[in-house]
Amino acid sequence: MTNQPVNLSPAGPPETQLPNYDPEAIKLLNVALGVEIDKRRDAVCAVVAKYPTFLAGWASIGDLSASGIDAYMAYRVGYHRGLDSLRANSWRGSGFVRWRFESNRGFLRCLAGLAKHARIIGEASEAVRCEQFLIQCDPSGEANHLLR
């Protein structure tokens, strides 16, 4: 249990916006995403090896991985790195993490990818929990396209 209060307002639960990530990492990821398809995953992995807390990088590894357990592993690492980052930025296990903030999108992509690939590998209860968590993070529905 934490000794830090969760402050609710008339506007609803608190909202967390992750800080923008290192511009150099973003630049390198964009370059890696532009290489030949057969070399793209390795190029993205090299960026994430240099920046292991880069959530958009983990989401991109998941996107470029074979469907099933390989993608599940990448998204799961990104999801847990994302929880660490959220906690480090005042998130206390509840409240909004909205898609409208570019800096939140890596985490939300990892969460949605984890839901999708948990279902693919037969982890239905985890898939449902992750789907519900995504909707709780951004009830506006802006991130729901990730579940398709």
Side-chain angles (χ1 to χ4, degrees), residues 2-4 6 13-148:
T2 180
N3 60 357
Q4 295 184 14
V6 173
E15 188 169 275
T16 301
Q17 179 180 359
L18 293 171
N20 291 324
Y21 206 76
D22 183 336
E24 180 65 16
I26 294 168
K27 178 181 148 197
L28 291 173
L29 178 62
N30 287 330
V31 169
L33 289 170
V35 303
E36 298 172 36
I37 190 67
D38 61 326
K39 297 177 182 175
R40 191 170 298 160
R41 187 175 185 281
D42 287 343
V44 171
C45 285
V47 173
V48 175
K50 186 173 181 181
Y51 299 95
T53 61
F54 188 19
L55 303 177
W58 283 108
S60 296
I61 293 172
D63 295 347
L64 294 166
S65 295
S67 185
I69 196 69
D70 285 340
Y72 173 89
M73 291 185 296
Y75 289 126
R76 190 161 210 21
V77 171
Y79 166 74
H80 282 285
R81 290 284 188 158
L83 290 176
D84 292 344
S85 184
L86 284 167
R87 289 180 189 116
N89 287 281
S90 301
W91 184 79
R92 298 290 174 250
S94 65
F96 300 127
V97 182
R98 297 197 187 268
W99 178 260
R100 74 172 177 249
F101 299 115
E102 180 76 30
S103 56
N104 290 347
R105 292 181 181 179
F107 170 72
L108 296 170
R109 287 173 55 206
C110 287
L111 176 57
L114 181 59
K116 178 181 177 181
H117 291 276
R119 192 170 298 286
I120 288 170
I121 66 169
E123 290 283 340
S125 62
E126 181 176 31
V128 169
R129 279 192 309 276
C130 290
E131 290 162 356
Q132 290 172 341
F133 186 23
L134 183 68
I135 292 166
Q136 290 168 352
C137 284
D138 192 356
S140 72
E142 288 184 63
N144 290 353
H145 71 279
L146 298 170
L147 294 172
R148 292 183 206 125

Worked check of side chain to side chain contact (heavy atoms under 4.5 Å, CB included) between Y79 and F133: CA-CA 12 Å; Y79 166 74; F133 186 23; 3.8 Å; yes

T53 and W58: CA distance, side-chain angles, deciding distance, side chain to side chain contact (heavy atoms under 4.5 Å, CB included) verdict: CA-CA 8 Å; T53 61; W58 283 108; over 6 Å; no

Working to the nearest 0.5 Å, report the span between [atom1] of [X] and [atom2] of [Y].
X: I121; Y: M73; atom1: CD1; atom2: CE; result: 9.5 Å
X: I120; Y: I69; atom1: CD1; atom2: CD1; result: 10.5 Å
X: R92; Y: R87; atom1: CZ; atom2: CZ; result: 9.5 Å
X: L55; Y: R81; atom1: CG; atom2: CZ; result: 9.0 Å

Side-chain touch [X]/[Y], heavy atoms, less than 4.5 angstrom:
X: Y75; Y: I61; value: no
X: R119; Y: E131; value: yes
X: Q132; Y: V128; value: yes

Set of ring pair (Phe, Tyr, Trp, His ring centres under 6.0 Å) partners for Y21, sequence neighbours left out: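 Applying ring pair (Phe, Tyr, Trp, His ring centres under 6.0 Å) to Y21 gives F54.
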
Pairs where residues 24-45 contributes a residue and the test side chain to side chain donor-acceptor pair (under 3.5 Å) is met, not counting sequence neighbours: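 Counting only pairs at least two positions apart or across chains, the side chain to side chain donor-acceptor pair (under 3.5 Å) contacts touching residues 24-45 are R41-S65.
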
Under 3.5 Å donor-acceptor, H117 side chain and A71 backbone: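 Pair absent, no side-chain N/O of H117 close to backbone of A71.
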
Below 3.5 Å, can you tabulate the donor-acceptor pairs from side chains in residues 102-116 to any protein atom, sequence neighbours excluded?
{"from": "E102", "atom 1": "OE1", "to": "R105", "atom 2": "NH1", "distance (Å)": "3.1"}
{"from": "S103", "atom 1": "OG", "to": "L18", "atom 2": "O", "distance (Å)": "2.4"}
{"from": "N104", "atom 1": "OD1", "to": "L18", "atom 2": "N", "distance (Å)": "2.8"}
{"from": "N104", "atom 1": "ND2", "to": "T16", "atom 2": "O", "distance (Å)": "3.1"}
{"from": "N104", "atom 1": "ND2", "to": "R98", "atom 2": "O", "distance (Å)": "3.0"}
{"from": "R105", "atom 1": "NE", "to": "W99", "atom 2": "O", "distance (Å)": "2.8"}
{"from": "R105", "atom 1": "NH2", "to": "W99", "atom 2": "O", "distance (Å)": "3.4"}
{"from": "R109", "atom 1": "NH2", "to": "S60", "atom 2": "OG", "distance (Å)": "3.4"}
{"from": "R109", "atom 1": "NH2", "to": "D63", "atom 2": "OD2", "distance (Å)": "2.5"}

Check against side chain to side chain contact (heavy atoms under 4.5 Å, CB included), L64 and L33: CA-CA 10 Å; L64 294 166; L33 289 170; 4.2 Å; yes

Set of residues satisfying side-chain hydrogen bond (donor to acceptor under 3.5 Å, both in side chains) with respect to Y72, sequence neighbours excluded: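 Per chain and number, Y72 pairs via side-chain hydrogen bond (donor to acceptor under 3.5 Å, both in side chains) with R76, E126.
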
Which residues share a salt bridge (Lys or Arg N to Asp or Glu O under 4.0 Å) with R100, sequence neighbours left out: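 Result, salt bridge (Lys or Arg N to Asp or Glu O under 4.0 Å) vs R100: E15.
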
D70: salt bridge (Lys or Arg N to Asp or Glu O under 4.0 Å) partners, not counting sequence neighbours: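 With sequence neighbours excluded, D70 shows a salt bridge (Lys or Arg N to Asp or Glu O under 4.0 Å) to no residue whatsoever.
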
Minimum heavy-atom distance S94-P14, with the two atoms named: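 The answer is O-CG, 4.2 Å.
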
